Amino acid sequence: MSNEDEASRLTKLKQTAASSVAEIGSLSVNDKNEIWFAELSEMWPGQAFTIQVKQVLFHEKSKYQDVLVFESFEYGNVLVLDGVIQCTDRDEFSYQEMITHLPLCSLRRQARKVLVIGGGDGGVLREITRHEHVETIEICELDEMVPRVAKEFFPKMAAGFDDPRVKCHFMDGFKFLAEVEPGTYDAIIVDSSDPVGPAASLFQKPFFDLVHRALSDEGVVCTQAESIWLHLDIIRELHSLCLEVFQGGTVSYAYCTIPTYPSGQIGFMMSTKAGKVDFSDPKQALSDESSALLRYYSPEIHRASFLLPRFAKDALNL
Ligand code: SPD
């Protein structure tokens, strides 16, 4: 190919890329005609994780949010809601395993009924299905578009939807919990996005009051609880509101590492009304077959995940 042809090919490529990304605010094309996604948010001002895009696979606005899926060079497919990364093929296992197995393995008695609020990508469902003794798994997801997109572009993650124990409710988590019989669930997992936009109410007291009511006496709730590097204020507030709601119970924060979440770390707030419970002590074990499928969670990681660096421990007064 002549130099001229090559130059015109590159110009065309750049024009095509630029027009396809023009409507997707967080994508841009650089001088080398590479497309990059930058994760910008008021939740982490002055910084942005960037990731190189191979191709955009899906982009639509649902009734609730902007839904983007792209194929990246290094992290496989990436799901982005309202400009924020929710999961990537390469590292999703870390968060999904921890937000699921931390609560289910710390219960004194094996969980039989489990509820997921959010979690429309299906990854948490997949992890719950690894617990053979669980009898019913309900999921309450607001946005039907998320499971639809997950089934198409993240089949390994969305496999959880195929388990016969799973029942889906597409509605607001608040409304769902308000209608639930008190004491129904042994575990509730709140796999939400960040507390801006549709998930904001899932970080507030009225929501936790309903969660408390829906849990059995020994039940546990585990909720996405942000980063110690970026969100100590949010974590502190969440911790004190959980203490208020779960009076006489136990509230603890644990975390995992994950490269594609802001600051590479995300936490989990666990609460129970069952008096003083040591969440950091795993009381339930997964079967050997299930354990063999895990890539992050282990009883050792379970214990270690509650150990906070000094600055976080001090700031949170834990
Ligand atoms: N900052 C992003 C936090 C997203 C947490 N939820 C992700 C859903 C994965 N199942």
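All values below were derived from every heavy atom in this structure, side-chain atoms included, with hydrogens, water molecules and symmetry-related copies excluded. The structure displayed is predicted, hence computed values, not measured ones. Remember, it's 1-based here, ligands and their atoms both numbered in the order they're listed.
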**OP:** Among D191, T100, T257, find the residue that satisfies the side-chain hydrogen bond (donor to acceptor under 3.5 Å, both in side chains) test when tested with Y95.
**Re:** D191
Write out the residue and atom name of the closest protein heavy atom to [atom], then the distance separating them to 0.1 Å.
{"atom": "atom 8 (C) of ligand 1", "value": "D191 OD1, 3.1 Å"}
{"atom": "atom 9 (C) of ligand 1", "value": "D121 OD2, 3.1 Å"}
{"atom": "atom 1 (N) of ligand 1", "value": "D194 OD2, 2.9 Å"}

With atoms numbered from 1 as shown, which atoms in ligand 1 lie under 4.0 angstrom from a non-hydrogen atom of [X]?
{"X": "Y261", "answer": "4 (C), 5 (C), 6 (N), 7 (C), 9 (C)"}
{"X": "Q86", "answer": "4 (C), 6 (N), 7 (C), 8 (C), 9 (C)"}
{"X": "I85", "answer": "2 (C)"}

Original post:
Would you say S192 has any N or O atom under 3.5 Å from an N or O of ligand 1, going by distance alone?
Top reply: yes
Is the shortest side-chain heavy-atom distance between [X] and [Y] below 4.5 Å?
{"X": "L115", "Y": "I189", "value": "no"}
{"X": "S263", "Y": "W44", "value": "no"}
{"X": "M270", "Y": "F306", "value": "yes"}
{"X": "W36", "Y": "I51", "value": "no"}

Original post:
From E127 CD over to I137 CD1, what is the distance, rounded to the nearest 0.5 angstrom?
Top reply: 11.0 Å
Below 4.0 Å from any atom of ligand 1, is there a heavy atom belonging to [X]?
{"X": "I99", "result": "no"}
{"X": "V124", "result": "no"}
{"X": "G122", "result": "no"}

Subject >> Structural part of Q96 in contact with ligand 1, heavy atom criterion under 4.0 angstrom >> reply: side chain
**OP:** Indicate, with yes or no, if the rings of Y261 and W229 have centres closer together than 6.0 Å.
**Re:** no
Original post:
Is the distance between the ring centroids of H239 and Y253 less than 6.0 Å?
Top reply: no
